[in-house]
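As structure tokens, the structure follows; a few thoughts come after it.
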2 protein chains.
Amino acid sequence: MKKNSNYPNTRIQRQKRLQILEAALKIFSTHGYRGSTLDKIALEARISKPNLLYYYKSKQEIHKELINGLMQKWLAPLREMKKNGEPIAELRSYIRRKIEMARDFPRESRLFNNEITQGAPHIKDLLEGELKELVEEKAKIISAWMEEGKLRKVDAYHLIFSIWATTQHYADFDVQVCAILGEEKSKKRFDEAAKFLEQLYIGGLKPEK
Amino acid sequence: MKKNSNYPNTRIQRQKRLQILEAALKIFSTHGYRGSTLDKIALEARISKPNLLYYYKSKQEIHKELINGLMQKWLAPLREMKKNGEPIAELRSYIRRKIEMARDFPRESRLFNNEITQGAPHIKDLLEGELKELVEEKAKIISAWMEEGKLRKVDAYHLIFSIWATTQHYADFDVQVCAILGEEKSKKRFDEAAKFLEQLYIGGLKPEK
DNA sequence: GTCTATATATTGATAGAC
DNA sequence: GTCTATCAATATATAGAC
């Protein structure tokens with residue numbers, strides 16, 4: 001049932017691999033790399049451990065595929081910030097997109113957090129290459145806006161860092177935020193956060209008269 | 001040499017335990033709980049593994065003592081924010097203290113990050129009790145300042161969260177920051193960061209005319 | 001108090017039947 | 001492709017000599 005038609009076969013393979021990745025994302029993001037076991041991942045994916053290793057030949061390989069797949073998604077919001085837009089509006093929607101990512105992809109955020117916190121062993125190249133260049137490009141744009149008097153003059157790099165930090169906080173430190181604000185539905189929380197950040201950044205960056 | 005005088009004995013014990021904690025902090029903060037092994041900790045502390053387990057009877061016990069010891073230090077900066085101070089100055093020095101903690105105790109910051117990211121299994125009570133109360137108290141103070149027109153009106157809780165996020169970012173995401181800004185000495189970096197955060201927050205929180 | 005040797009459990013990965 | 005059984009490597013913890 002598989003000799004000739006390698007087509008449906010591949011489709012099923014792809015689907016299984018996705019199913020495994022989904023499970024692995026959940027496990028890795030909550031327990032870290034070392035804290036995650038193939039047993040837990042296999043259980044979560046509802047397959048046996050050897051079967052899991054039939055689709056991915058090692059734990060490392062699953063993790064690597066997750067991390068790599070993550071990076072492009074993670075950088076997309078910053079990529080979208082355009083030079084020709086209106087500065088305040090561009091920043092506002094960048095913040096909005098980032099907070100939406102924290103809301104919709106908290107597991108990815110934590111996976112990333114974990115990777116960086118432990119020294120970024122798997123993506124150091126990416127950080128020093130692609131990420132660095134992207135940030136330099138966007139920092140230049142922001143600095144130009146400041147020179148034109150469209151924004152108050154501050155350090156563009158630290159501005160970007162602070163946006164990363166504040167938005168990702170709502171994904172990574174979710175338990176803490178919930179402990180303090182109460183366990184109510186968190187959709188609302190992200191709206192509050194977005195509103196606050198908007199006030200803070202717009203207030204802090206509007207050019208002085 | 002130890003029957004009668006249990007005094008010097010205890011002092012040596014305490015010193016050894018400190019030595020172990022210091023090593024454990026380094027290991028736990030870089031590899032997470034599961035990623036850390038007694039071997040690594042013992043090696044770092046320059047003692048043998050069984051000897052280590054003579055002073056602490058389990059890995060959990062070391063971790064627990066670290067986490068507990070950390071919390072008070074971690075909350076101190078917020079505790080110092082006083083109702084009677086001048087609002088802008090109080091916030092400014094709170095930010096300053098927090099960024100100094102990120103600079104001087106990055107390992108503690110990462111240990112805390114790791115604990116929270118994984119669901120705060122060991123300090124959930126603390127978050128929902130002591131931390132929550134402290135934050136409520138300080139949020140009330142900040143809100144009162146806003147009511148008096150001393151600060152622009154924003155959500156006091158999210159304000160506190162954002163200060164936590166932005167300052168701890170420089171400890172937890174150090175590799176990323178270094179990758180982007182270059183590997184030069186980082187003392188300077190914290191000054192830049194402090195300056196930026198000051199501009200952002202003061203600009204964003206000064207009451208509108 | 002400190003060490004060597006070792007018990008015990010967990011875990012990543014493979015072999016081989018079906 | 002999936003499963004059972006199992007290997008080999010680690011890692012926590014203990015026993016017992018010194």
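Below, chain A is the first sequence line, B the second, and so on; all start at residue 1. No experiment lies behind these values; they were computed from the predicted model shown.
Put simply, the side chain of W145(A) gets close to the backbone of K83(A): a donor and an acceptor are under 3.5 Å apart. Proximity of a side-chain donor or acceptor of S162(A) to a complementary backbone N or O of L159(A) within less than 3.5 Å is detected.
Across dT2(C), dT12(D), dA13(C), the shortest atom-to-atom separation from the side chain of K59(B) is found for dT12(D).
Less than 4.0 Å separates DNA chain C from at least one heavy atom of each of the following residues of residues 25-37 of chain A: S36(A), T37(A). Contact check of residues 42-55 of chain B against DNA chain D (heavy atom, cut-off under 4.0 Å) returns K49(B), P50(B), L53(B).
The separation between D39(A) atom CG and dA9(C) atom P is 16 Å, rounded to whole Å. Atom pair E61(B):CD and dT12(D):C1' shows a separation of 14 Å (rounding to whole Å applied). Distance, Y56(B) OH to dG1(C) C1': 16 Å, rounded to whole Å. In this entry the distance linking CD1 of I41(A) with C1' of dA13(C) reads 14 Å, nearest Å. Across the protein-nucleic acid pair, R17(A) atom CZ and dT2(D) atom P stand 13 Å apart, rounded to whole Å.
How far CD1 of I47(B) is from CG of L52(B): 4.5 Å, rounded to the nearest 0.5 Å. R79(A) contributes atom CZ, which lies 14.5 Å from atom CH2 of W74(A) (distance to the nearest 0.5 angstrom).
In the model, Y33(A) has a side-chain atom that pairs as donor or acceptor with a side-chain atom of Q60(A) under 3.5 Å.
For the pair E44(A) and A23(A), the tightest heavy-atom approach, listed with the atom from each and the gap, is CG-CB, 3.5 Å. Scanning both residues, C178(A) and R189(A), for their nearest heavy atoms gives SG-NH2, 3.1 Å.
For dG1(C), one of the phosphate oxygens OP1 or OP2 lies less than 4.0 angstrom from a side-chain nitrogen or oxygen of Q13(B). K57(A) has no side-chain polar atom (N or O) that falls below the 4.0 Å cut-off from OP1 or OP2 of dT14(C).
Ring geometry, H63(A) versus H122(A): the interplanar angle exceeds 60°, so the pair is classed perpendicular (tilted spans 30 to 60°).
Under the side chain to side chain contact (heavy atoms under 4.5 Å, CB included) test applied with V177(A), the options W164(B), Y157(B), F161(B) reduce to a single match, F161(B).
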